[in-house]
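Working notes for the structure below.
Just so it is clear: chains get the letters A, B, ... in the order the sequence lines come, proteins before strands, and each one is counted from 1. What you see is a predicted model; the values in this text were computed from it and never measured.
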Amino acid sequence: MGLLIHPFDLSARYLSDLSFSILFTEGAWPRPRCGSNWIRHRVDEAVRLKMQVRVFLFGPYASAAQAAFVDLNMPTGSRVAALVSALTEACPSIASMMPGTRFAVNHAFAEPSQVVHEADEVALIGMVSGG
Amino acid sequence: MSVQVIIFDGALPAELVFKSVRGNERDCESGAALVFDGIVRRMESGKPLKGLLYEAYEPMASRILENLAQGIVTKHGLHSLGVAHSKGLVLVGQRSLRVEIRAAHRTEALAAMSEFIDALKRDVPIWKTAEWE
């Protein structure tokens with residue numbers, strides 16, 4: 001039994017979040033698949049595996065981004081950790097505020113390893129300043 | 001042991017009362033009663049303020065406040081804890097935060113007050129933005 005990531009299984013799902021995805025392959029690697037139908041199938045799958053995640057922004061984050069929310073196109077199965085780079089890419093103006101930031105999913109603080117779903121309510125909590 | 005959380009629109013009125021907290025007065029069990037008011041001060045980083053604009057992420061803010069309050073009440077054996085926080089604009093000199101604690105003795109009441117406010121400033125999704133004069 002090997003602990004392998006087969007190059008032909010690197011679809012969009014796995015490419016998106018390699019640090020968290022390890023595929024278990026038993027025995028020899030499967031025979032490579034190829035051909036236009038297979039490629040078309042993989043492209044269709046990559047499109048189908050996309051989801052839109054709305055991230056709400058507040059306080060200084062909303063001011064810097066000049067937006068109350070940002071819609072991110074993410075691969076299905078993305079984790080909270082992947083939101084940081086996606087959000088920074090979408091809103092470069094908040095990049096300097098991102099280190100050490102926290103996210104909430106459905107009104108609860110989320111761990112970086114938590115998987116995000118399209119219907120989830122996601123918020124960038126970052127540094128709070130109540131009181 | 002009781003907890004009450006209020007997110008209030010605008011400045012907190014001076015006469016704000018936590019019903020569940022004051023209920024313990026009748027029982028005469030509490031030997032210590034602490035009230036902390038957070039007030040918007042005039043100067044921030046050497047510049048005069050008009051006020052602070054508070055933004056709360058509801059309902060997460062209420063939920064986190066309630067969880068923190070329950071945890072502090074249990075940890076310190078308090079009789080009650082009430083917390084009210086403003087959202088929206090609060091002008092200089094007005095109240096934006098009130099915490100009221102009742103306990104048998106001052107030691108646990110004072111420790112709980114400090115710990116609760118530290119946790120509030122660290123974890124509750126409320127942000128303030130300066131409105132300059």
Side-chain angles (χ1 to χ4, degrees), chain A residues 52-72 79-81 83-84 86-88 90-91 93-131, chain B residues 5-8 11-12 35-41 44-45 49 51-69 71 83-90 94-99 113-132:
Chain A
Q52 191 174 66
V53 177
R54 176 163 290 185
V55 180
F56 289 94
L57 307 176
F58 299 93
Y61 302 92
S63 298
Q66 295 187 312
F69 61 84
V70 179
D71 288 331
L72 301 174
R79 296 167 196 272
V80 167
L83 293 171
V84 176
L87 194 55
T88 303
C91 300
S93 55
I94 62 172
S96 62
M97 305 160 80
M98 293 302 279
T101 199
R102 294 175 291 180
F103 285 86
V105 175
N106 299 328
H107 308 125
F109 284 113
E111 293 295 323
S113 59
Q114 182 171 332
V115 174
V116 181
H117 303 99
E118 193 163 42
D120 287 341
E121 183 172 318
V122 180
L124 173 63
I125 302 299
M127 295 295 290
V128 297
S129 53
Chain B
V5 172
I6 299 170
I7 301 289
F8 195 86
L12 301 178
V35 178
F36 173 88
D37 279 350
I39 298 168
V40 178
R41 61 176 175 270
E44 182 66 38
S45 305
L49 275 178
L52 291 172
L53 186 62
Y54 287 92
E55 189 178 4
Y57 177 38
E58 284 279 36
M60 185 178 174
S62 292
R63 184 194 290 180
I64 297 282
L65 275 173
E66 183 136 359
N67 290 345
L68 290 176
V83 54
H85 201 299
S86 293
K87 64 177 180 178
L89 183 63
V90 181
Q94 294 183 322
R95 290 169 186 77
S96 60
L97 170 67
R98 173 166 289 179
V99 183
M113 180 66 84
S114 181
E115 191 175 331
F116 179 74
I117 294 172
D118 284 347
L120 181 154
K121 286 177 169 286
R122 185 185 62 234
D123 287 338
V124 179
I126 295 176
W127 298 263
K128 61 188 169 201
T129 309
E131 296 272 314
W132 303 105

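Between B:Ser96 and B:Leu12, the shortest heavy-atom distance links the atoms C-CD1, 3.7 Å.
Contacts of B:Leu97 with chain A are made by side-chain atoms alone, with heavy-atom separations under 4.5 Å and no backbone atom involved. Residue A:Phe109 touches chain B through both its backbone and its side chain, counting heavy-atom pairs closer than 4.5 Å. Neither the backbone nor the side chain of B:Leu52 comes within contact range of chain A; no heavy atom of the residue lies under 4.5 Å from a heavy atom of that chain. Contact of A:Ala108 with chain B is made through backbone and side chain together, with heavy-atom distances under 4.5 Å.
Two residues are said to be in side-chain contact when any heavy atoms from C-beta on lie closer than 4.5 Å; B:Tyr57 and A:Val128 fail this criterion.
Sparse packing is recorded around CD of A:Gln66, with 12 or fewer heavy atoms of other residues, nucleotides or ligands lying under 6.0 Å away. For A:Glu111, the CD atom is loosely surrounded, since the number of other residues' heavy atoms within 6.0 Å does not exceed 12.
Residue pairs satisfying the side-chain hydrogen bond (donor to acceptor under 3.5 Å, both in side chains) criterion with at least one member in residues 117-129 of chain B, sequence neighbours excluded, are listed as follows: A:Arg102-B:Asp123.
The residue among B:Ser86, B:Pro125, B:Pro59, B:Gly38 with the most heavy atom pairs within less than 4.5 Å of chain A is B:Pro59.
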